[in-house]
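Note sheet for the following structure.
Note that ligands are numbered from 1 as they come in the structure, with each ligand's atoms numbered from 1 the same way. Note that the numbering runs from 1 along the sequence shown for the chain. If you're wondering where the values come from, they're calculated on a predicted model, not measured in any experiment.
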Amino acid sequence: MRKHLDDYRQYAGDQVVDEIYDSASTLDGKHVVHVNSTYSGGGVAELLDTLVMLMNDVGLDTGWRILHGTPDFFEITKKFHNTLQGAEINLTNQKKRIYEGINERFSNYTHLYHDCVIVHDPQPLSMIQFYEKKQPWIWRLHIDISNLNQDGEKLFNYFKSFIVRYDAMIVSMDSYKKDIPVDQRVMRPSIDPLSPKNEVLSDQVIDRYLSKFGVDQDKPIICQVSRFDYFKDPEGVVKIFKKVREEIDCRLVLVGSMATDDPESEAIYKHMVKEYGDDPDIEIISALNHILVNALQRRSSVVLQKSLREGFALTVSEALWKGTPVVGSNVGGIPAQIIEGETGFLLDPLDYDGFADRVKMILGDDALSERLGEAGKEHVRNNFLVTRHLKDYFHLFREVIR
Ligand code: UDP
């Protein structure tokens with residue numbers, strides 16, 4: 001299905017849409033291409049799905065290439081991801097060989113004649129060394145690298161040899177910038193108000209989807225929507241839920257799809273089902289279903305984002321956009337979205353009691369819930385809609401494409 005920028009005027013207003021058209025008109029006849037490593041299952045795929053369509057809609061010829069990895073490649077790149085977030089790694093030459101080897105193979109059949117190449121995240125980062133660079137290359141990192149441990153520093157140092165070949169690096173938060181000789185910019189991610197994930201749903205559709213996936217609505221619902229990933233802390237979510245349930249009868253729903261570039265999620269999902277699947281108040285769902293996520297974010301009384309580390313957490317903006325209060329960890333991009341006490345509540349990720357208290361406060365106070373929800377929606381409208389993101393990209397393209 002095609003997307004049209006004009007359809008976004010109702011949410012973003014005329015000014016930003018007109019600005020995008022103006023910028024796009026100066027890039028007439030130009031081609032750009034995005035490269036990442038999965039078409040579904042995580043934030044980057046979610047972003048590209050809309051951005052690529054809208055860039056084409058306004059006349060910028062925009063392609064999307066997906067790096068074809070192997071299981072061992074994705075295991076290594078998932079380790080890279082975890083290491084940037086605080087895990088350890090034994091960065092052997094064998095790992096580097098497999099990582100760069102897959103990038104080399106991909107570059108053999110991926111012909112880049114475009115006027116600008118945007119590479120997302122570490123998986124395809126090293127492909128740049130296999131090209132004769134004829135155009136600006138931008139590396140966009142969606143991970144929080146503000147707090148690297150020793151292994152993280154070593155890994156980033158290895159990445160640096162590729163990063164410095166790029167013309168610019170984009171990060172999601174100011175604090176993610178690094179002391180390296182490359183132009184660095186901040187660009188916040190965004191959500192698409194017209195995607196199946198975020199569009200308005202009727203009560204009937206919400207009821208149908210929740211019942212199809214076995215979510216009972218007899219009690220208030222608390223949910224977290226996230227890949228099954230250690231850093232999304234699903235166990236911590238259960239811990240908070242159990243504390244809340246001691247005082248307020250409620251349900252917990254955990255939804256997590258499997259990204260094709262994330263080999264760990266299945267094991268974590270199975271572990272969660274084994275440990276908590278017997279609890280009648282806990283529903284653990286593994287499905288890639290945008291309407292289910294939409295329905296759940298709308299019908300939940302509180303959405304949690306209890307991440308230990310987080311690049312941005314689109315899931316927070318998704319829930320806020322639906323007027324649902326969010327209680328989240330004070331990490332990564334979450335504080336850009338949750339203004340403490342105004343659009344939700346922010347807590348230290350290890351403050352389980354604090355999390356449980358805030359959830360209980362919201363469950364017990366409809367006026368508070370409504371106030372947070374309304375403010376959250378406006379905050380997303382003003383800052384995290386795809387139109388703002390598109391405007392940022394066009395500013396960048398106008399600057400770097402000659
Ligand atoms: N998502 C989904 N189904 C799931 C789990 C996640 O569609 O079961 C989507 C979620 O709605 C969001 C994206 O995947 O749009 C996750 O982005 P986020 O920035 O929150 O985290 P990431 O996965 O990139 O770390």
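For residues 305-315, the pairs satisfying salt bridge (charged side-chain N to carboxylate O under 4.0 Å, His left out) are D144-R309, K232-E310, D233-K306, with sequence neighbours left out.
Near V225, the atoms of ligand 1 lying under 4.0 angstrom from a non-hydrogen atom of the residue are 4 (C), 5 (C), 6 (C). Atoms of ligand 1 lying under 4.0 Å from at least one heavy atom of E46, given by number and element, are 15 (O). With ligand atoms numbered from 1 in the order given, ligand 1 contributes 8 (O) to contacts under 4.0 Å with heavy atoms of V255. Ligand-side atoms of ligand 1 in range of A287: 8 (O), range being under 4.0 angstrom from any heavy atom. Proximity to E318 (heavy-atom distance under 4.0 Å) selects the following atoms of ligand 1: 10 (C), 11 (O), 12 (C), 15 (O).
For ligand 1, the polar-atom distance check finds no N/O of V293 at less than 3.5 Å from any of the ligand's N/O atoms. The shortest N or O to N or O distance between S226 and ligand 1 is not under 3.5 Å. In terms of polar-atom proximity, defined here as any N/O pair under 3.5 Å, Q297 makes no such contact with ligand 1. Inclusion of F312 in the set of residues having an N or O under 3.5 Å from an N or O of ligand 1 is not warranted.
A ring-centre distance under 6.0 Å is not found for F162 and W139.
No heavy atom of G311 sits closer than 4.0 Å to any atom of ligand 1. Residue contacts with ligand 1: K232 is included, with a non-hydrogen atom under 4.0 Å away. Residue contacts with ligand 1 leave out P189, since none of its heavy atoms falls under 4.0 Å from the ligand.
In Y131, the OH atom is crowded: over 12 heavy atoms of neighbouring residues, nucleotides or ligands sit closer than 6.0 Å.
Within the set H142, K197, R227, the minimum heavy-atom distance to atom 25 (O) of ligand 1 is found for R227.
For the side chain to side chain contact (heavy atoms under 4.5 Å, CB included) criterion with Y393, the lone passing option out of K391, H389, H395 is H389.
For atom 24 (O) of ligand 1, the nearest protein heavy atom (residue, atom name, distance) is G43 N, 2.8 Å. Protein heavy atom nearest atom 8 (O) of ligand 1, with residue, atom name and distance: S257 N, 2.6 Å. Scanning the protein heavy atoms around atom 20 (O) of ligand 1, the nearest turns out to be L314 N, 3.1 Å.
In this pair, Y99 and F159 present their aromatic rings tilted. The plane angle is within the 30 to 60° band. Under the 30°/60° scheme for interplanar angles, the aromatic rings of F106 and H68 are found to be tilted.
The existence of a salt bridge linking D392 and R188 is excluded, since no basic side-chain nitrogen approaches an acidic carboxylate oxygen closer than 4.0 Å.
Remark: the backbone N or O of A87 is paired with a side-chain donor or acceptor of N149 at under 3.5 angstrom.
One finds the CD1 atom of I248 at 14.5 Å from the NZ atom of K243 (value rounded to the nearest 0.5 Å).
For L292 against Y209, the heavy-atom pair with the smallest separation is N-CD2, 3.9 Å.
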